[in-house]
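Chain letters run A, B, ... following the sequence lines, proteins first, then strands; residues in each count from 1. Keep in mind that this is a model prediction, so the values were computed, not measured.
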Protein chains: 2
Amino acid sequence: MSSYKDKKVITIGVVSELTGLSERQIRYYEERKLIFPDRSKGGTRKFSFTDVERLVDIANKMEDGLQTFEIRKMEQKKLRQEELRERMLRGQLNAAFNLRK
Amino acid sequence: MSSYKDKKVITIGVVSELTGLSERQIRYYEERKLIFPDRSKGGTRKFSFTDVERLVDIANKMEDGLQTFEIRKMEQKKLRQEELRERMLRGQLNAAFNLRK
DNA sequence: CGTGTAAGGAATTCTGACACG
DNA sequence: CGTGTAAGGAATTCTGACACG
């Protein structure tokens, strides 16, 4: 499940280059709980490629005029839907299993 | 063909943590032409996950008592063999194609 | 609200060299 | 040959604040 894409190894300067966002913007989006980089012992932020992808997505939504809290809500909504989908799948599996026995 | 694995985005400190090698060792292996990190404008080295994998492989070979130039030769040999394999494959494809027409 | 910027400091990295073996 | 280390400097990153809108 977790591969290189999720390894938090990229510094903010590189992330800035990869996304086109300023370091200021990236730090701000972290402050607004849109991304969650790791920290080195010294305190420098470490991002994953997944974070980079998320930042590009965030940048697009910001361009669409969305506010950070709206983007955060969208993300939470997506997570809730995934949970729901999982629970329904689980329920169907259980039903099928109960029918068998 | 090129994915996140080949993106040169990781600084030497992180590479050191990921591989268990000292920064000194990593810089030395670069000096011996075993790895080829990119550089930022400022001059800091940037490695890829592929580089990290290669370094782990190098570390194993060093433990086996190999010298850096031997490891370099092995790498070159591998490349030559891949070229050869490719050329043979190409030849077979051409032969098959010529038979058809 | 989102972002730029100057400020001062701390963490990170760089190179060239000396040392050991 | 391969690696550790101290040295000095440069590049990178960090935080908190002021500014604008």
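- Between the CZ atom of A:Arg80 and the CD atom of A:Glu82 there is a distance of 11.5 Å, given to the nearest 0.5 Å.
- Closest to the B:Tyr28 side chain, of the nucleotides C:dT13, C:dG2, D:dG2, is D:dG2.
- Taking every side-chain heavy atom of B:Arg39 into account, C:dT15 is the closest of D:dT3, C:dT15, C:dT3.
- Side-chain N/O atoms of A:Arg32 include one lying less than 4.0 angstrom from OP1 or OP2 on C:dG2.
- Taking every side-chain heavy atom of B:Arg27 into account, C:dT15 is the closest of C:dT12, C:dT15, D:dT15.
- Residue-level contact check: B:Phe69 touches neither bases nor backbone, having no heavy atom under 4.0 Å from any strand.
- At the phosphate of C:dT12, neither OP1 nor OP2 sits under 4.0 Å from any side-chain N or O atom of B:Thr11.
- For the pair B:Arg27 and B:Glu31, the salt-bridge criterion is not met [side-chain N within less than 4.0 Å of a carboxylate O].
- For the pair B:Ile26 CD1 and C:dC14 C1', the computed distance is 14 Å after rounding to whole Å.
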Scan nucleotides 4-7 of chain D against the protein and return all N/O pairs shorter than 3.5 Å with their distances rounded to 0.1 Å.
{"residue": "D:dG4", "atom": "OP2", "partner": "B:Ser22", "partner atom": "OG", "Å": "2.6"}
{"residue": "D:dG4", "atom": "N7", "partner": "B:Arg24", "partner atom": "NE", "Å": "3.2"}
{"residue": "D:dG4", "atom": "O6", "partner": "B:Arg24", "partner atom": "NH2", "Å": "3.1"}
{"residue": "D:dT5", "atom": "O4", "partner": "B:Arg24", "partner atom": "NE", "Å": "3.2"}

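- Residue B:Leu34 contributes atom CG, which lies 10 Å from atom P of D:dT3 at whole-angstrom precision.
- When each of D:dT13, D:dG2, C:dT13 is scored by its nearest atom to the side-chain atoms of B:Thr68, the top-ranked nucleotide is D:dG2.
- Between A:Ser40 and C:dT12 there is a side-chain polar atom (N or O) within less than 4.0 angstrom of OP1 or OP2.
- Where A:Lys46 and A:Met62 each meet DNA chain C at their nearest nucleotide, the meeting point lying more 5' is that of A:Met62.
- Using modelled atom types, one finds no donor on one side chain facing an acceptor on the other under 3.5 Å when comparing A:Ser48 with A:Asp6.
- Counting non-hydrogen atoms of other residues, nucleotides and ligands closer than 6.0 Å to CZ of B:Arg90 gives a total of 12 or fewer.
- The side chain of B:Arg45 contributes no N or O atom lying less than 4.0 Å from OP1 or OP2 of C:dT13.
- Looking at heavy atoms from C-beta onward, A:Ile58 lies in side-chain contact with A:Ile35 at the 4.5 angstrom threshold.
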